[in-house]
Amino acid sequence: MNSRPVFPRPENEPTCDYSAGTSAHAELHKHLADRSVLEIPAVIGGQKIYSGDIDTLVSPHDRERVVARVHKPTAEQVQSAIQSNLDAAHDWARMDFSDRVAILHRAAGIVRGRLRHRINAATMLGQSKTIDEAEADSACELIDFLHFNTFNAQQILSDQPLTVASAQNRTDWRPLEGFVYAVSPFNFTAIGTNLTCAPALMGNVVLWKPSNKSTLANYLFFQALEEAGLPPGVINFVPGDAAAVTSAVYDSPHFAGLHFTGSSEVFRSLWKRAATNIDRFRTFPRIVGETGGKDFVLAHRSADADEVAVALLRGSFGYQGQKCSAASRAYVPASLWPKVKDALCGMLSQVKVGDVADANTFMGAVIDKNSFAKLSGRLAEARSDAGVKVVSGGGANDSQGYFIDPTVLQVEDPRHSLMKEELFGPVLSVFVYQDNAWTDVLREVDSVSDYALTGSIFCTERAALLQAQDVLLHAAGNLYVNDKPTGAIVGQQPFGGGRASGTNDKAGSWMNLLRWTSPRVVKETYAPPRHL
């Protein structure tokens, strides 16, 4: 058999209607009301491992509610997981691309169908997302990653060199030699899907270390992969201690790649450790990371105040600002600031913070007590800082959950630490500049922060917009014009940034997939010469 299906460019997954009275609403709330506690094992070579060394997961917005108990594997079990990956590598790499696709698309179908409401509820309970945020993440983006990666991988595989009359030439798009270490964050369930399944689609085997805070939703997706027919050992699920898992990975000569989303600090440490151990590895590992951000909204005097205010609200406070793309610093001209401030504060006064099961809630809780302590401490410092004015919010309450008020701070100094440091919470810092200082403020936007992930420019004066895009050429990997700097959609805005924000390999695109293949070019001569 030599047939091969052609996979057309997919459409983005449509959102489900969870309005009150719909069957989807009823099904979702059935799962939200379920008080059972899931025992989550490590899964190694298809075997569930219940170690008894347990992390207890609670809902961030309801600290008394336990949602899962996660069994962390031992160091020896992580080493066996790596061996299990290596044992599965030969057969998985030689499985036809269309068969690998069928497994991943079947998993997408399981999520789209009977798992959709449950995985959304798990994301809401475990990560404190509203249904609007969860549906866009753990359903739509997750499914889109699987489908668009297929289309993009197909384009790569079809890229072949010229064959001539005297010889046949081809490119074998091989997986990497070894295993890929996938480290996924708490804030997006779908990221765990992409970090694991993008390399697997290209024929790689993967050791998956999810964030302990997102393990519930991530494990549900892993179960979908198993149900879809993923062979044992192709992706091993190891929700262990980060330091212990990483030590086992970097001790292995077969470490071939890191696929990471998380903090810049952790990514730098992983890169340094790879460099230190480079003589141990069989190959030079591929290091791919999408990390932090200090993302900007820059308004020009020609911008509309209401449009800027809405973008700041949605871009800064959606999912409690716990997005690497969240707007956390803004630059607003003095002529526009009074209108922007009034509109923004008016909308913030209507924002509901609380239980994400309530359809009227806009913001849930931050992820855990460490995040709450960091943010509440930073807000206390801001309240006592003479160079900072609290425009709105500034409060914190952990009596029931880890709640931080959506907060707007106005700073006098554009180089204040609040304009530089990633806080990863619902805190927006604003610098108000004089209208005639546009050129100066462009330089500030570009230079004040180490990050370069996302940014947005609100401007209708074309010459000023072109100037800003030129000066800010390297300030953002994803730049939005007259829109908030969040909400990248797979297939429409491939995502990633540079500088301290990562390697800019663009999740959801062919650029990322290329990192997980090591091409071999083969020339076969038909009639080799027999004489000089």
Side-chain angles (χ1 to χ4, degrees), residues 292-317 321 324-345 382 385-392 407-423 427-486 497-501:
K294 188 66 178 177
D295 309 294
F296 64 85
V297 173
L298 169 62
H300 184 259
R301 63 177 181 269
S302 65
D304 180 86
D306 289 330
E307 292 175 357
V308 173
V310 170
L312 291 175
L313 177 72
R314 294 181 177 178
S316 301
F317 305 118
C324 48
S325 60
S328 58
R329 56 183 172 124
Y331 303 81
V332 183
S335 61
L336 209 62
W337 175 236
K339 292 181 180 179
V340 170
K341 180 174 67 173
D342 288 348
L344 181 57
C345 290
D385 188 332
V388 179
K389 177 183 178 182
V390 179
V391 175
S392 181
T407 299
V408 180
L409 306 173
Q410 184 178 345
V411 299
E412 294 180 1
D413 180 2
R415 306 194 76 80
H416 193 285
S417 61
L418 287 168
M419 303 296 282
K420 300 179 181 181
E421 300 169 3
E422 182 183 41
L423 298 179
V427 181
L428 170 66
S429 302
V430 180
F431 174 68
V432 179
Y433 68 94
Q434 296 304 308
D435 288 34
N436 61 3
W438 174 250
T439 298
D440 294 333
V441 83
L442 291 178
R443 288 193 291 266
E444 290 291 345
V445 173
D446 183 58
S447 64
V448 70
S449 172
D450 293 335
Y451 300 101
L453 188 55
T454 72
S456 66
I457 304 169
F458 278 80
C459 179
T460 58
E461 186 178 300
R462 205 69 192 177
L465 176 60
L466 294 175
Q467 179 190 10
Q469 291 184 75
D470 180 53
V471 174
L472 302 176
L473 182 63
H474 296 290
N478 283 58
L479 181 66
Y480 297 78
V481 177
N482 296 321
D483 200 357
K484 60 183 174 61
T486 61
R499 295 180 180 168
S501 292

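Heavy-atom basis, side chains included; hydrogens, waters and symmetry copies ignored.
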### Task
Would you please say whether a donor-acceptor pair under 3.5 Å links the side chains of Q434 and S335?
no
#### Entry: Distance (rounded to the nearest 0.5 Å) between D483 CG and R314 CZ
9.5 Å
### Task
Work out which heavy atom in K484 is nearest to a heavy atom in A311; give both atom names and the distance.
CB-O, 3.8 Å
### Query
Can you tell me how far the CG atom of L465 sits from the CZ atom of R462, to the nearest 0.5 Å?
5.0 Å
### Task
Decide yes or no on side chain to side chain contact (heavy atoms under 4.5 Å, CB included) for V297 and F458, but give the supporting numbers first.
CA-CA 8 Å; V297 173; F458 278 80; 4.0 Å; yes
### Message
Measuring only between side-chain heavy atoms, which start at C-beta, is V391 closer than 4.5 Å to C345?
### Response
yes
## Note on the structure
Heavy atoms of A327 and T486 approach each other most closely as N-CG2, 4.5 Å
### Query
How about L409 and V430: do any of their side-chain heavy atoms sit closer than 4.5 Å?
no
### Query
Are the side chain of S302 and the backbone N or O of T460 linked by a donor-acceptor pair below 3.5 Å?
yes
### Parallel, tilted or perpendicular: ring planes of Y331 versus F431, cut at 30 and 60 degrees
perpendicular
### Message
To the nearest 0.5 Å, what is the distance between CG on L428 and OG on S316?
### Response
4.0 Å
### Query
Do any N or O atoms from the side chain of K294 and from the backbone of L418 form a donor-acceptor pair under 3.5 angstrom?
yes
#### Entry: Any donor-acceptor N or O pair under 3.5 Å, side chains D435, H300
no
## Note on the structure
Between L453 and G497 the two heavy atoms that sit nearest each other are CD1-N, 3.3 Å
#### Entry: Close side-chain approach of L298 and L442, heavy atoms under 4.5 Å
yes
### Message
So does G293 get a backbone contact from the side chain of E422, meaning a donor-acceptor N/O pair under 3.5 Å?
### Response
yes
### Message
Return the CD1 to OH distance between I457 and Y480, rounded to the nearest 0.5 Å.
### Response
13.0 Å
### Task
State whether the side chain of S501 and the backbone N or O of A452 hold a donor-acceptor pair below 3.5 Å, judged by distance alone.
yes
### Query
For S325 and T454, which heavy atoms make the closest approach, and how far apart are they?
O-OG1, 3.1 Å
### Query
Looking only at heavy atoms, what is the nearest atom pair of A476 and G455, with distance?
CB-N, 3.7 Å
### Query
How many angstroms lie between OG in S392 and CG in L313, if you round to the nearest 0.5 Å?
10.0 Å
### Task
Would you mind reporting whether K339 and D342 have side-chain heavy atoms less than 4.5 Å apart?
no
### Task
Grab the two heavy atoms, one from E444 and one from R329, that are nearest each other, plus how far apart they are.
O-NH1, 4.4 Å
### Query
When you look at CZ of R499, are more than 12 heavy atoms from neighbouring residues, nucleotides or ligands closer to it than 6.0 Å?
yes
### Spacing of D385 atom CG and E412 atom CD [to the nearest 0.5 Å]
8.5 Å
### Query
NZ of K420: more than 12 outside heavy atoms within 6.0 angstrom?
yes
### Task
Measure the shortest side-chain to side-chain distance between Q469 and L466 over non-hydrogen atoms and say whether it is less than 4.5 angstrom.
yes
### Message
With a 4.5 Å cut-off on side-chain heavy atoms, are L479 and F296 touching?
### Response
yes
### Any side-chain heavy-atom pair of S328 and L423 under 4.5 Å
no
### Task
Check the pair Q410, S429 against side-chain hydrogen bond (donor to acceptor under 3.5 Å, both in side chains), reporting the backbone distance first and the verdict last.
CA-CA 6 Å; Q410 184 178 345; S429 302; over 6 Å; no
### Query
Is there a side-chain contact between Y433 and P414 (heavy atoms, below 4.5 Å)?
no
### Task
Step by step, work out the salt bridge (Lys or Arg N to Asp or Glu O under 4.0 Å) result for D446 and R443.
CA-CA 5 Å; D446 183 58; R443 288 193 291 266; over 6 Å; no
